[in-house]
> 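Below are the structure tokens for one structure; questions will follow.
Since this is a predicted model, take the numbers as computed values, not measurements.
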Amino acid sequence: MLKLEECRQRIRTELDNVVDFWLKYSHDTIHGGFFTCIGRDGKVYDELKYVWLQGRQVWMYCRLYRTIDRFHKPEILEAAKAGGAFLRKFARVSNSSGQWKCAFCLTRDGKTVKIQRTIFSECFYIMAMDELSRVTGDKDMQLDAEQMMEQLIYWVREDSSGLGRPQLPGDIPTNSMAVPMMLLCLVKQLSEGRGQEVVQKYRELGSWCVQQILQHVQRDGTVILENVSLGGAELPGCQGRLQNPGHALEAGWFLLQYSAEWGDKELQETAIKKFVELPYQRGWDTEHGGLFYFLDVDGHCPTQLEWNMKLWWPHCEALIAFLMAYSQTKKPELLERFSQVYEYTMSNFSDAENGEWFGYLTQEGRVALDFKGGPFKGFFHVPRCLYMCELILDDLLANKD
């Protein structure tokens, strides 16, 4: 309990420092929205705005404002509202079919730079609008989120042509774990606290997402593969052999949340054994510590050249996954794994001098890139991890008997 109390205090302090960093350096008071390309000392090095990071920051501000008293501050709410207004005004663009698509990247003043043929900008637009509607009471924002969600469901389950990606003859249709994971995350977001009617509306979709995720347990339950066929079979080549330990761990705590909500003990056991313990066992660097970014299941060098780097976000997912698994089962070995990841993460990623966390380390644990934000790292994985771990620790310490 003393160790957990120490962890909670450190995590609270880290969260406060991370929030302060982004409040201080990321706000665009002229055009709205947020800068995310931020150097080690807080200086903006690129003014491009990435829609998925804009949505994540709005969501994170709103969740902190709504659920933790010390973040119930007017400057956080106003920043979230300004970010939401920027997204509603500029993020959505019409595609050739007349459907709404979200841009991937915008100029500082909101002009579209790039559109990706994926669903992820839309996913974080939905999260932002739904969470912002909860703190403002704006029903139009909630409707925006729900309408975009219906569009996503159609693209994923009915007709993907609206994404703008033609089906090429050599391209094998693939179940990439990121898609059902994000839809499951959105099911929780949109249904949480909304009443039984909404819960039932998304129940079938949630069940479908879980089954799609479970297809990634391959080779007689010994590995989690990032990509499988639509029928749940292993794919040939590098794409089929790819492992992403951080992604599997994130899927693990998504499944733990789902199993707790529906009282599914079998799914809880699968989540812990296959999506928490197994990716850790395969992904942990026993020589230098930390989680590898990518691995090839057969030991070949992955085609992703950064495969052996240690990135911030897989360690964030591991902290949540092990602490959540321990909180649900009280198995001491899960707490030991959490402690191991915690020690590595706090020792290597946190920047005590300037605040926030570094994102990219070498295999040996040295800082490879010292910026605090970029096209992929924004105000999301670190604060979400710290926020969730703080809440879990609060619960564990309050119910220690």
> With distance as the sole test, does Arg337 use its side chain to make a donor-acceptor pair with the main-chain N or O of Glu333 at under 3.5 Å?
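A pair under 3.5 Å: no.
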> Does the side chain of Ser26 come under 3.5 Å of the side chain of Gln57 through a donor N or O and an acceptor N or O?
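Side chains of Ser26 and Gln57: pair found under 3.5 Å.
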> Taking the six-membered ring for Trp, are the ring centroids of Trp52 and Phe104 within less than 6.0 Å of each other?
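Yes, the ring of Trp52 comes within the 6.0 Å limit of the ring of Phe104, centre to centre.
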> Go through the structure and list residues passing side chain to side chain donor-acceptor pair (under 3.5 Å) with Asp16, not counting sequence neighbours.
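Result, side chain to side chain donor-acceptor pair (under 3.5 Å) vs Asp16: Arg70.
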> Please confirm whether Trp307 and Phe292 have ring centers closer than 6.0 angstrom.
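Ring centroids of Trp307 and Phe292 are less than 6.0 Å from each other.
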> Provide the closest heavy-atom pair for Asp144 versus Met129 in the form atom of the first, atom of the second, distance.
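Minimum heavy-atom contact is CB-CG, 4.3 Å.
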> Has Arg56 got its NZ or CZ under 6.0 Å from the middle of the six-membered ring of Phe124, at an angle within 45 degrees of the ring axis?
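Yes, a cation-pi geometry holds between Arg56 and Phe124.
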> When you compare the side chains of Glu226 and His247, does any donor N or O come within less than 3.5 Å of an acceptor on the partner?
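Yes, because at least one side-chain N or O of Glu226 sits under 3.5 Å from a partner of the opposite role on His247.
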> For residues Tyr61 and Phe71, establish whether the separation of their ring centroids is below 6.0 Å.
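Ring centroids of Tyr61 and Phe71 are no less than 6.0 Å from each other.
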> Please tell me if the side chains of Phe34 and Leu53 come closer than 4.5 Å, counting only heavy atoms from C-beta onward.
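Heavy-atom side-chain distance check fails, nothing below 4.5 Å.
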> Under a 4.5 Å cut-off applied to non-hydrogen side-chain atoms, are Leu235 and Thr174 in contact?
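Answer yes - side chains close enough.
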> On the ring face of Trp313, is Arg384 found with NZ or CZ under 6.0 Å from the centre and within 45° of the axis?
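Judged by the rule (NZ or CZ under 6.0 Å from the ring centre, within 45° of its axis), Arg384 is not positioned above Trp313.
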> With a 4.5 Å cut-off on side-chain heavy atoms, are Trp253 and Met388 touching?
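With C-beta onward as the side chain, the pair touches.
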> Please confirm whether the backbone N or O of Gly232 pairs with a side-chain atom of Ser229, one donor and one acceptor, at under 3.5 Å?
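Yes; judged by distance alone, with no hydrogens or angles, the pair exists.
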> Decide yes or no for Tyr125 and Gln54: does some side-chain heavy atom of the first lie under 4.5 Å from some side-chain heavy atom of the second?
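No, too far: nothing below the 4.5 Å cut-off.
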> Backbone N or O of Leu335 within a donor-acceptor pair of the Ser339 side chain at under 3.5 Å?
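Judged by distance alone, yes, a pair lies under 3.5 Å.
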> If you look only at pairs with a residue in residues 318-332, which of them pass as a side-chain hydrogen bond (donor to acceptor under 3.5 Å, both in side chains), with sequence neighbours excluded?
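Those involving residues 318-332 are Gln268-Gln328.
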> So, Asp220 and Thr222: side-chain donor and acceptor under 3.5 Å apart, yes or no?
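The criterion, which ignores hydrogens and geometry beyond distance, is not satisfied for Thr222 and Asp220.
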> Does the side chain of Thr345 reach to within under 4.5 Å of the side chain of Trp357, using non-hydrogen atoms?
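They are in side-chain contact.
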> Is the distance between the ring centroids of Phe90 and Phe86 less than 6.0 Å?
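So the answer is yes for these two rings.
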> Any non-hydrogen side-chain atom of Ile224 less than 4.5 Å from a side-chain atom of Phe275?
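Touching, per the 4.5 Å side-chain cut-off.
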> Check whether Glu343 reaches the backbone of Ser347 with its side chain - one donor and one acceptor, N or O, closer than 3.5 Å.
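Side chain of Glu343 to backbone of Ser347: no pair is present.
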> If we ignore hydrogens and angles and just use 3.5 Å, is the side chain of His27 paired with the main-chain N or O of Gly33 as donor and acceptor?
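Checked: no pair found.
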> Without swapping roles, check the side chain of Gln218 against the backbone of Gln215 for a donor-acceptor pair under 3.5 Å.
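Side chain of Gln218 to backbone of Gln215: a pair is present.
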> Would you say the side chain of Met148 lies within less than 4.5 Å of the side chain of Cys102, judging by non-hydrogen atoms?
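Cys102 reaches Met148 side chain to side chain.
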> Does Phe21 reach the side chain of Val18, with side-chain heavy atoms less than 4.5 Å apart?
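Sidechains of Val18 and Phe21: no contact.
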> Hey, what do you get for CG (Leu183) to CD (Gln189), rounding to the nearest 0.5 Å?
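Nearest 0.5 Å value for the CG-CD distance: 13.5 Å.
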> Between Phe322 and Tyr342, does the ring centroid distance fall short of 6.0 Å?
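They do not qualify: ring centres at least 6.0 Å apart.
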> Does any donor atom in the side chain of Glu122 or Trp155 lie under 3.5 Å from an acceptor atom in the other side chain?
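No, Trp155 and Glu122 have no side-chain donor paired with an acceptor closer than 3.5 Å.
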> Keeping the roles fixed (side chain from Asn348, backbone from Tyr344), state whether a donor-acceptor pair exists under 3.5 Å.
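Yes; at least one donor-acceptor contact below 3.5 Å.
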> Do the side chain of Asp298 and the main chain of His300 share a donor and acceptor less than 3.5 angstrom apart?
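No, Asp298 side chain to His300 backbone: no donor-acceptor pair under 3.5 Å.
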> Within the distance-only criterion (no hydrogens, no angle test), does the side chain of Lys310 pair as donor or acceptor with the backbone N or O of Leu361 below 3.5 angstrom?
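Not confirmed, Lys310 side chain does not pair with Leu361 backbone.
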> Under a 4.0 Å N-O cut-off, is there an ion pair linking Arg194 with Asp130?
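Judged by the 4.0 Å cut-off on N to carboxylate O distance, Arg194 and Asp130 do form a salt bridge.
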> Are Gln257 and Glu261 close enough that a side-chain donor and a side-chain acceptor fall under 3.5 Å?
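No.
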> Any side-chain hydrogen bond (donor to acceptor under 3.5 Å, both in side chains) pairs touching residues 358-381, not counting sequence neighbours?
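Checked against side-chain hydrogen bond (donor to acceptor under 3.5 Å, both in side chains) - neighbours excluded - the pairs reaching residues 358-381 are Asp285-Gln363, Asn308-Gln363, Asp351-Lys372, Glu356-Lys377, Thr362-Glu364.
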> Indicate whether the side chain of Ser121 and that of Tyr50 have a donor and an acceptor atom separated by less than 3.5 Å.
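Distance-only check fails for Ser121 and Tyr50.
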